[in-house]
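Reviewing the structure listed below.
FYI, side chains are in, hydrogens and waters are out, and symmetry mates aren't considered; it's all heavy atoms of this structure. Nothing fancy with the numbering, it's 1 onward along the sequence. Every number for a ligand or one of its atoms is a count from 1 in the order of the listing.
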Amino acid sequence: MNHFQRTLGSLHAEKIPLDGLARAYGTPLYVYSAATLRRHWKVLDRSLSGLRHLVCYATKANANLAILDLLARMGAGFDIVSGGELYRVLKAGGDPHKVVFSGVGKTDEEIAFALSQEVKCLNVESGPELARVSVVARRLGLRAPIALRVNPDVDPKTHPYIATGLKKSKFGVSVDDARRLYGLAAGDPALDVRGLACHIGSQITTVVPFLDAIARVRKLAGELSRAGIQLRHLDIGGGLGIQYKDENPPHPDEYGAAVKGAMKGFRGEVILEPGRVLVGNAGVLLTRVLYVKTSGRKRFAVVDAAMNDLVRPSLYGAHHDIEQVGAEPRPAGTVDVVGPVCESSDFLAQGRKMPVPEAGDLLCVRSAGAYGFSMSSNYNARPRSAEVLVDGETAYLVRKRETWPDLVRGEKARPAGRRFPAPRRIG
Ligand code: LLP
């Protein structure tokens with residue numbers, strides 16, 4: 001359920017017509033619905049009632065400060081994967097004590113920042129990282145709260161680029177390595193073993209892989225407990241899918257019930273790291289049709305949003321529904337919706353059966369709230385789009401559109417040089 005619905009023929013975000021937003025703020029434009037986000041949060045959180053749990057929103061899905069602020073106010077924790085994401089969470093008023101820090105490549109600087117902010121846990125992804133965390137913690141005179149991210153070797157049956165829990169993936173450590181590393185960590189006074197984490201992938205559309213993964217990590221947790229290492233929490237990651245097209249992902253209630261069943265008897269806290277299921281359908285991308293051109297038998301709608309604004313179709317072949325915002329009658333046809341970027345992979349839809357738009361029409365690209373703006377770039381020297389958050393009848397400009405001067409900030413055509421003289425050879 002989301003609050004992007006058609007009223008009197010025209011698509012709205014909550015109470016506001018999308019064409020009004022496009023006129024006021026320009027296009028391409030990301031529009032988020034606060035009511036949808038709140039609703040998604042409540043549905044997921046409620047589905048876990050009775051279970052001691054903490055929902056740590058996966059910041060990478062959409063890291064706009066207003067989104068983080070809204071979630072923080074509802075009690076969310078945050079899953080972060082960089083120092084920059086921690087900076088954003090803190091800026092938005094997020095509680096560092098509810099932050100878990102994942103990622104295979106944490107730098108010393110990021111580890112130190114996270115420790116000094118007293119984050120809840122570092123999800124450590126390798127032996128060498130465990131050693132670095134220990135060194136940095138000792139240097140700061142702190143004890144580092146850690147979990148090992150275990151790779152349960154479960155196939156989430158999703159796009160290969162977003163499957164993370166397979167043996168061949170770069171993420172986490174194997175169950176065997178985890179046993180050894182927990183032993184090391186438990187004997188290290190600079191490390192405070194708190195929990196165990198796993199995350200098997202994204203856009204997962206059945207509960208089965210989650211249950212497999214939980215069963216495997218619970219088995220390991222049981223072994224550790226018998227060996228005297230008591231885990232205070234189990235972090236089961238994110239990954240619950242949403243409907244983009246004809247997928248039929250489990251409703252959060254079904255997911256929540258399955259998680260509760262699988263965690264029965266676990267006395268600690270359960271941490272979840274959902275991203276997409278919270279924000280995916282809480283956002284759309286508005287784009288204006290610039291030209292309609294035909295080439296042989298193909299028909300292209302050239303729009304003002306491109307792969308730099310929403311890369312998912314180009315990168316994963318992802319489907320996003322595209323709808324006409326207005327109610328103008330348009331004949332049905334087959335269209336490639338493409339952007340202005342100079343790459344043949346720059347498309348938002350290929351061979352799409354849809355009403356054939358005309359130049360000037362406004363299109364709404366749905367399900368763009370997750371991994372939309374957060375993956376956008378300045379490729380082809382395109383300023384990144386503005387972002388608007390709608391709450392009822394009010395729209396908030398939560399990120400200004402970038403300008404051309406923004407594009408060159410920090411650059412200099414002819415900076416003063418700095419010499420690095422070669423060391424003199426003696427003899
Ligand atoms: N936790 C960890 C450690 C993760 O790596 C991710 C996502 C999540 C949680 C959140 O997963 P979610 O609930 O959003 O599925 N750019 C891709 C998705 C990449 C996901 C990366 N990790 C896409 O646009 O489909």
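Under 3.5 Å, the side chains of R352 and T334 contain no donor-acceptor pair of N or O atoms. No donor-acceptor contact under 3.5 angstrom links the side chains of Q203 and Y316, judged on distance only. Side chains of R138 and S134: a donor on one and an acceptor on the other come within 3.5 Å. Between the side chains of T287 and D304, at least one donor N or O lies within less than 3.5 Å of an accepting N or O.
Heavy-atom distances between G237 and ligand 1 stay at or above 4.0 Å for every pair. In this structure, V277 has no heavy atom closer than 4.0 Å to ligand 1. Residue contact annotation: A61 has no non-hydrogen atom under 4.0 Å from ligand 1.
Remark: side-chain polar atoms of E343 are not paired, donor with acceptor, to backbone N or O of S345 under 3.5 angstrom.
Under a 4.0 Å criterion applied to the non-hydrogen atoms of G239, ligand 1 contributes the atoms 11 (O), 12 (P), 13 (O), 15 (O). Distances below 4.0 Å separate heavy atoms of G275 from the following atoms of ligand 1: 12 (P), 13 (O), 14 (O). Residue P274 has at least one heavy-atom neighbour below 4.0 Å for each of these atoms of ligand 1: 13 (O). For ligand 1, the atoms sitting less than 4.0 Å from at least one non-hydrogen atom of R276 are 12 (P), 13 (O), 14 (O), 18 (C), 23 (C), 25 (O), numbered in the order shown with element in parentheses. Under a 4.0 Å criterion applied to the non-hydrogen atoms of A58, ligand 1 contributes the atoms 8 (C), 9 (C), 10 (C). Heavy-atom proximity to G238, at under 4.0 Å, picks out these atoms of ligand 1: 9 (C), 13 (O). Applying the 4.0 Å criterion to heavy atoms of D79 picks out, from ligand 1, the atoms 1 (N), 2 (C), 9 (C). If you number the atoms of ligand 1 from 1 as listed, the ones under 4.0 Å from a heavy atom of E273 come out as 1 (N), 2 (C), 3 (C), 8 (C), 9 (C), 10 (C), 13 (O).
For a threshold of 3.5 Å applied to N or O pairs, the pair formed by S102 and ligand 1 contains no separation below that value. Here's the thing with R149: none of its N/O atoms is less than 3.5 angstrom from an N/O atom of ligand 1. On a distance-only criterion, M375 and ligand 1 share no N/O pair closer than 3.5 Å.
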Step-by-step side chain to side chain contact (heavy atoms under 4.5 Å, CB included) determination, L272 to Y255:
CA-CA 12 Å; L272 299 95; Y255 171 77; 3.6 Å; yes
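Taking CD from E110 and OH from Y87, the interatomic distance works out to 15.0 Å, rounded to the nearest 0.5 Å.
Residues H320 and Y244 bring their aromatic ring centres within 6.0 Å.
In F171, neither the side chain nor the backbone holds a heavy atom less than 4.0 Å from any atom of ligand 1.
Looking at L21, L286, L363, D361 one by one, the single match for side chain to side chain contact (heavy atoms under 4.5 Å, CB included) with V325 turns out to be L286.
Under the 4.5 Å side-chain criterion, counting only non-hydrogen atoms from C-beta, F78 is not in contact with K98.
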